[in-house]
Every structure is written in structure tokens, then in C-alpha cells.
Number of protein chains: 2
Amino acid sequence: MAQRSRPRLVDVAQAAGVSIAAASRALSGAAGVSDAIAGRVREVAAELGYVADVHARTLAGGTSTSVGLLVHEIGDPYFTEIASGVLRVAAQRGLTVQIGHTGRDPDSELAQVRALVANRVRAIVISGSGFVDARVQAPVKRELQAFQDAGGRVAVIGRHHLGADAVLPDNLAGGRSITEHVLSLGHRRIAFAAGPAALTTVADRLAGADQALRAAGMRLADLPVVEEAFTRDGGTRAALRILDEHPRTTAVVALNDDMAIGVLAALRSQGVVVPQQMSVAGFDDVAVAEHLSPALTTVRLPMAGMGEQALLLALKEPSARPRRRSTDHHLVVRESTAPPRP
Amino acid sequence: MAQRSRPRLVDVAQAAGVSIAAASRALSGAAGVSDAIAGRVREVAAELGYVADVHARTLAGGTSTSVGLLVHEIGDPYFTEIASGVLRVAAQRGLTVQIGHTGRDPDSELAQVRALVANRVRAIVISGSGFVDARVQAPVKRELQAFQDAGGRVAVIGRHHLGADAVLPDNLAGGRSITEHVLSLGHRRIAFAAGPAALTTVADRLAGADQALRAAGMRLADLPVVEEAFTRDGGTRAALRILDEHPRTTAVVALNDDMAIGVLAALRSQGVVVPQQMSVAGFDDVAVAEHLSPALTTVRLPMAGMGEQALLLALKEPSARPRRRSTDHHLVVRESTAPPRP
DNA sequence: ATGAAAGCGCTAACAC
DNA sequence: GTGTTAGCGCTTTCAT
């Protein structure tokens with residue numbers, strides 16, 4: 001096992017019979033080298049299998065070629081699609097992406113941000129809901145501010161108040177749309193399967209729901225909002241509780257598709273037929289929503305596009321004031337919602 | 001915009017009134033510092049918001065704190081779950097992970113490997129099928145060999161012949177199991193919705209199918225194997241072709257769940273009722289498989305576990321000969337398969 | 001236990 | 001156009 005180290009720039013320069021400066025310029029495509037030398041250097045480099053050390057290059061003052069992406073959990077299809085968008089843009093630009101889980105835990109998020117900062121990434125994209133309580137994310141905010149002061153760039157998806165460019169999913173209007181839809185079908189005994197109220201995403205979607213309800217002369221406060229984890233299992237537990245505590249419910253609005261999938265599973269296990277005995281709606285329109293049983297009525301958000309937008313924003317020159325890009329949303333009516341039985 | 005750069009080790013050392021050597025030792029937890037000094041340094045560092053520069057650290061000879069993960073497409077649930085496992089282990093070990101898309105394209109794969117090598121990652125995990133034709137991946141193999149010779153570690157998931165530690169999903173036996181299941185239901189006019197035959201995963205799963213068929217006195221060569229992209233859309237196209245070219249088919253075995261989802265969608269659009277008029281089986285048991293309409297009969301592979309295993313292998317001391325870890329598989333019978341109608 | 005100093009491999013001034 | 005050289009911020013001998 002040779003443990004022979006990789007060729008360095010000196011090796012290439014020597015083999016090509018030029019100085020390391022010339023070699024460096026030739027390889028980074030900078031001006032100030034004759035085509036003849038540039039060509040030879042590149043040839044020799046390819047022959048030797050030379051690959052420049054990113055650490056040395058970055059340390060020496062070259063700009064960083066990597067960006068960071070933080071998601072709550074890559075297994076959640078919502079984040080998967082966002083990540084896909086980010087990776088696409090990064091690949092186009094020849095950027096490397098470092099990805100980290102935050103698990104919706106502020107401490108873990110802080111640790112991940114620190115790691116990215118230590119890696120001197122060019123930009124950080126943070127996706128996923130923040131917390132309603134601003135104090136919880138104060139340490140992260142401070143860290144991000146320092147990062148930006150030192151020339152780093154930050155873009156967030158779906159959270160506010162972080163002093164950075166933001167892509168804002170249409171949670172409020174989406175919450176209104178899906179609730180209007182359920183109301184228009186004739187439902188009045190509606191229950192919400194919600195994630196933790198501390199998440200801004202949950203708060204925003206519920207606020208939208210409240211708007212729709214008020215327009216119909218009702219109030220969210222009078223309806224059951226069952227709080228569980230913002231996951232498939234959380235949806236299952238929420239549905240079970242709704243069945244148990246509010247048996248006359250005719251429609252469940254889940255605050256994301258993942259929970260809706262859990263709701264569907266719970267209802268099936270309890271022999272409740274959707275949509276005949278219970279309507280179910282989701283939020284996000286993840287890729288599988290249309291393939292579920294029954295196909296899920298939901299609100300479509302352009303997740304992959306949000307990921308692309310966010311990285312694009314972060315790669316742009318910073319503006320004096322944080323930029324905001326709001327997305328649109330589309331109500332997608334499929335088979336899981338229907339009028340209540342008389 | 002201050003552009004004020006981040007505090008460096010010198011700043012910490014100065015503020016604590018010690019040499020940078022002492023500060024370095026204190027922060028990296030190395031031996032040779034009095035507890036008093038170590039404590040003070042850490043305190044000051046925290047106060048200043050000091051975070052060591054990974055590039056400088058790595059360049060100076062510290063070991064790299066990041067690992068690379070290559071997937072075909074993070075949006076594919078198969079890879080999503082693998083990635084999830086990798087991220088979990090990485091987080092536990094305090095490692096950063098760089099992720100890249102290869103898009104099942106050898107050139108792009110080579111570029112991604114180079115990027116990871118340039119980043120001096122400690123280990124590279126490559127997931128996803130390789131190509132049956134060894135020549136196609138020769139350049140990547142060479143690059144990986146050089147990386148390993150220089151002390152880097154590599155682990156692959158689901159491919160062979162790369163001279164590295166490997167986690168091998170039970171594709172052959174799984175292909176046999178799912179085919180045996182369909183045969184045992186009484187199906188004889190079976191069609192396969194396959195990905196490109198050039199992928200080893202496809203080849204292995206088909207080989208398993210052939211074994212099962214031969215045991216039943218049949219041969220794969222006599223059955224339709226429709227080749228399309230190894231994706232949801234590919235599944236849709238495959239199903240349409242099967243309906244068109246082999247209308248008497250009673251069961252479709254898709255070679256991964258993503259294709260099976262596409263098959264299900266195509267059949268629904270054509271008014272073919274599953275499983276009454278057509279049985280459908282998948283492979284992988286991705287998270288949503290059980291929530292599909294109808295719930296999918298498939299072969300479960302421990303994807304997240306495979307991701308964990310792979311990174312764990314890559315983080316271990318290298319062995320003289322490449323290690324191999326084979327996974328198990330479980331036939332999961334749900335609602336999408338049933339006996340053919342008489 | 002502590003500090004001084006020599007690099008790690010590269011880029012970017014700066015000379016020529 | 002080409003080469004020389006001074007760092008980038010850190011870890012690690014090697015003295016003390």
C-alpha cells in the first residue's frame with residue numbers, strides 16, 4: 001500500500017518545465033500565460049492525474065467552491081425535493097454541496113451552521129421552518145450574522161427574521177385555499193392535524209385556515225387542532241386522537257403531506273373509508289401524493305424550484321436589504337376529499 | 001458591511017495570553033496543556049465565537065472531517081433513504097458530508113469523484129448501480145484507486161468490481177423471491193418492467209428472476225422484459241408498452257418501486273384494476289410503498305442500514321482485501337398482487 | 001507544560 | 001509572459 005501522496009502543483013510544474021505560478025495560472029484558467037504553456041501544463045496535469053487541493057486553494061485566498069444546505073431530515077420528501085433543486089443548481093455552477101440534518105432541533109442546527117462556517121462555504125441555504133419564538137434561534141442568527149459580515153452569503157427557505165435573503169412558500173394563502181376547499185364541499189366539523197405550534201410553518205398555515213374559517217363565519221379556535229410531530233407517524237397519532245376525541249369530524253386537514261399520509265394509514269387501519277366517511281387534505285404536494293390511496297387533495301408548492309431559487313439568491317451579490325421571493329401555490333383537488341355524507 | 005474577518009487562532013491565543021501552540025492543543029483536545037490553560041482558552045474561544053478553519057486545519061495535516069456521498073438522484077426515494085443513513089452516522093461522528101448527483105452518467109460520476117478527491121474527504125461512499133460493462137467505469141476505478149493509494153477510503157453500495165469495501169443488497173435472491181411469489185399465485189404470463197440492462201442492479205435482479213422461472217420450468221428469455229428508464233416515468237412507459245405489446249399479461253414485476261409506482265399510475269389511467277385484472281410487484285420497499293393504492297407487494301431492502309453500514313465500513317481501518325457485507329431481504333406481500341383471474 | 005518555528009499546497013502580489 | 005516569494009490559518013515537531 002504505497003501511501004504515495006497525490007501529485008502536487010510543483011510536480012506538475014516541474015514535469016512541464018515551468019514555474020508553479022505559470023502552472024497555477026494555466027490550470028485555473030487565469031490570464032497571463034501563453035497558450036503553448038497553458039496547453040502543455042494541462043496535458044501534463046491530466047497525465048499525472050493532478051487534482052488541486054481545495055483546502056490549499058481556499059486557504060490561499062481562492063474563493064470557496066462549496067455551499068452548505070441544512071434540512072430537517074433528508075428522508076422527508078419535502079426536503080428531498082428542495083435538496084434536489086439545490087443540487088441541480090450547484091452542479092451547474094461546479095459547486096460542491098455539504099448537507100446536514102438539523103432534526104428540527106435548534107442546538108443541532110447551531111452545530112451544523114458552525115460546521116459550515118468552519119468549512120468556509122460560500123453560501124448557506126437553510127430550509128425548513130424556524131421557530132415562532134425568536135429567542136430560540138437567537139444563537140443561530142448571531143452566527144449567521146457573523147458569517148455574513150465576513151462575506152458569507154445566506155438564504156433561507158420558509159422562515160423569516162433571520163436577516164437573510166428568503167424564499168417564502170405561500171403558507172398563509174395555501175392554508176386559506178385548502179380550508180376554503182373543504183368548507184366549499186360543505187364540511188363544518190373539520191379537524192386539523194398539525195405539527196408543533198412552535199414552527200412558523202405550522203403557525204402560518206393555521207393562520208391561513210383561520211382566515212378562511214372567519215370568512216365563513218367560523219373560528220379556528222372553535223375547531224380541534226391536534227398537535228403531533230410534523231411527520232408520518234405524527235399524522236397517524238393525530239388521526240387516532242381525532243377519531244377518539246372528536247368522533248363526529250368529517251374532514252381532516254393535515255398541515256403537510258407527510259402527516260396526511262399518516263392520517264390515511266390510520267384511517268385505513270380503523271376501517272374509515274376516505275373520502276366517503278372522512279375527507280383528508282394535505283399540504284405540499286410531494287411527488288407521491290398523486291399516487292396515494294386515494295390520491296391526495298393538497299396544496300402544491302414548487303419545492304424543487306424553491307431550492308433552486310434559494311441557492312441562486314445566495315449566489316448573487318448581496319443587496320442592502322434582504323431580498324424576499326414569495327412562491328405561489330396551487331390547490332390540487334384529487335380523490336381524498338368529497339362532500340360529507342348527509 | 002464590515003467585511004471584518006472572523007477571529008483566528010492567534011486572536012484567541014492572544015486574548016488568553018498563551019501561545020498559539022497551546023491554544024491549538026487546548027481546542028483540539030490534545031495532551032500537553034494544563035487544565036487551567038485549556039479551560040481559559042476554551043472560554044475565550046467561545047466568547048469570541050471562534051471556529052477553526054477547516055481548510056487550514058486539513059492543510060496543516062489534521063485529518064479531514066468530511067466524507068463524500070454520491071447518489072444517482074437524491075429525489076429517488078431509494079437514495080434518499082440511503083443518504084439518511086449516511087447522514088446519521090456522519091452526524092454521530094461529527095463529520096460533514098458532501099453530496100453529489102451522478103445522474104447515472106459515468107462522466108458526471110467521474111467529475112463528482114474528482115471533486116471529492118480535491119476536497120480531500122476522508123472517505124467516499126458511492127451508492128447506486130454500476131454498469132455491467134467494466135470498461136465504462138474504468139476511469140472512475142482508476143481515480144478511486146489513486147485516492148485509496150493516497151490513504152483515502154472508499155465504500156460502495158450495490159456494485160462490484162471497484163476494488164473497495166462493498167455493501168451488497170440482496171438483489172439476486174430478492175429477484176428470485178418476488179418472482180417465486182408471483183409464480184406461486186399462479187401467474188405465467190409475467191412481464192418485467194426493467195431499467196437499463198447495462199445496470200448491474202437490473203442484471204442481478206433479472207438473474208434472480210430467471211432462477212425462479214427455471215425452477216418452475218420456464219425461462220426469462222421467453223418472457224417480455226421491457227427496458228425503460230429506472231424511474232417513475234420509465235415505469236409508466238413500460239406499463240403502456242406491456243399493455244400494448246403483450247396484452248395477455250397478468251402480472252408486471254417492476255424492478256424497483258419507483259417504476260412500480262409509474263406502472264400503477266399507467267394502469268389506473270388505462271382503467272386496469274390492480275390486482276384484479278393485473279398484479280403488480282415492486283422492489284426496494286421505499287417508505288411510501290405501503291401507502292400506495294393499492295399497497296405495493298415488494299421486496300424490502302434495508303436502505304438506511306445500507307447507508308450506515310457503508311460509511312461505517314469506510315471509516316474503519318482498511319483491510320488487506322476489500323470487505324463485503326451482504327444484506328438480507330424480505331418479501332413483503334401487500335395488496336397489489338393476487339391470483340390471476342381464471 | 002509551554003513556546004518558537006517550520007511547513008501543509010496553493011494563489012496573488014510583485015518583480016523581471 | 002514568466003518566475004519569485006510572501007502569506008492564507010492551522011498542526012506539529014523540536015527546543016526549552
Side-chain angles (χ1 to χ4, degrees), chain A residues 3-42 44-45 48-66 115 117-122 150-152, chain B residues 3-42 45 48-66 117-122 150-152:
Chain A
Q3 190 69 23
R4 180 209 57 208
S5 81
R6 307 189 58 81
R8 290 153 310 153
L9 185 57
V10 223
D11 303 322
V12 175
Q14 235 162 38
V18 300
S19 73
I20 61 166
S24 170
R25 286 191 270 259
L27 292 173
S28 65
V33 224
S34 65
D35 290 356
I37 288 196
R40 184 145 40 94
V41 169
R42 275 195 273 269
V44 172
L48 263 48
Y50 172 76
V51 185
D53 185 324
V54 168
H55 301 296
R57 174 174 280 181
T58 307
L59 185 57
T63 53
S64 164
T65 60
S66 76
V117 168
N119 275 279
R120 300 292 183 266
V121 293
R122 186 187 300 184
Chain B
Q3 190 67 25
R4 183 210 55 208
S5 79
R6 309 189 56 83
R8 291 153 308 153
L9 185 57
V10 222
D11 303 322
V12 175
Q14 234 162 37
V18 300
S19 72
I20 61 168
S24 170
R25 288 191 269 257
L27 292 173
S28 65
V33 223
S34 65
D35 290 356
I37 289 196
R40 183 144 41 92
V41 169
R42 276 194 272 270
L48 263 48
Y50 171 77
V51 185
D53 186 319
V54 168
H55 301 298
R57 175 173 280 183
T58 308
L59 224 209
T63 52
S64 165
T65 60
S66 76
V117 169
N119 275 280
R120 300 293 184 263
V121 294
R122 186 187 300 184

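Below, chain A is the first sequence line, B the second, and so on; all start at residue 1. Bear in mind that the values here come from a model prediction, so they are computed numbers and not experimental data. For the numbers below, each heavy atom of this structure counts, side chains included, while hydrogens, waters and symmetry mates do not.
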Kindly indicate whether the side chain of A:His55, heavy atoms from C-beta on, has any atom under 4.5 Å from the side chain of A:Thr58.
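Contact flag for A:His55/A:Thr58 side chains = no.
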Nearest to side-chain heavy atoms of A:Val18, which nucleotide of D:dC10, C:dC10, D:dG3
D:dG3
So which nucleotide from C:dC8, D:dT2, C:dT2 ends up closest to the side chain of A:Val33?
D:dT2
Starting at atom [atom1] of [X], determine the distance to atom [atom2] of [N], rounded to an integer number of angstrom.
X: B:Arg8; N: D:dG9; atom1: CZ; atom2: C1'; answer: 8 Å
X: A:Asn119; N: D:dG9; atom1: CG; atom2: C1'; answer: 14 Å
X: B:Leu9; N: C:dC8; atom1: CG; atom2: P; answer: 19 Å
X: A:Ile37; N: D:dG1; atom1: CD1; atom2: C1'; answer: 8 Å
X: A:Arg6; N: C:dG9; atom1: CZ; atom2: C1'; answer: 13 Å
X: A:Gln14; N: D:dG3; atom1: CD; atom2: C1'; answer: 14 Å
X: A:Asp53; N: D:dC10; atom1: CG; atom2: P; answer: 16 Å
X: B:Arg57; N: D:dC8; atom1: CZ; atom2: P; answer: 19 Å

Hey, does the side chain of [X] reach the backbone of [Y] with a donor-acceptor pair shorter than 3.5 angstrom?
X: A:Asn119; Y: A:Val121; result: no
X: B:Arg25; Y: B:Ala30; result: no
X: A:Arg42; Y: A:Ala26; result: yes

Got a sec? Which of residues 22-32 of chain B come in under 4.0 Å of DNA chain D, heavy atoms?
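Those residues whose heavy atoms fall under 4.0 Å from DNA chain D, taken from residues 22-32 of chain B in numerical order, are B:Ser24, B:Arg25.
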About how many Å separate CG of A:Leu48 and CZ of A:Arg6, when rounded to the nearest 0.5 Å?
10.5 Å
Measure the CD-CG distance between B:Gln14 and B:Leu9 for me, rounded to the nearest 0.5 Å.
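It comes to 10.5 Å.
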Relative to the 5' end of DNA chain C, which residue comes earlier, B:Ala21 or A:Val10, by the nucleotide with the nearest heavy atom?
B:Ala21
Write down the atom of A:Ala45, the atom of A:Leu27, and the distance for their closest heavy-atom approach.
CB-CD2, 3.9 Å
Nearest-nucleotide wise, let me know which of A:Ser34 and A:Ile20 is further upstream toward the 5' end of DNA chain D.
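That would be A:Ser34.
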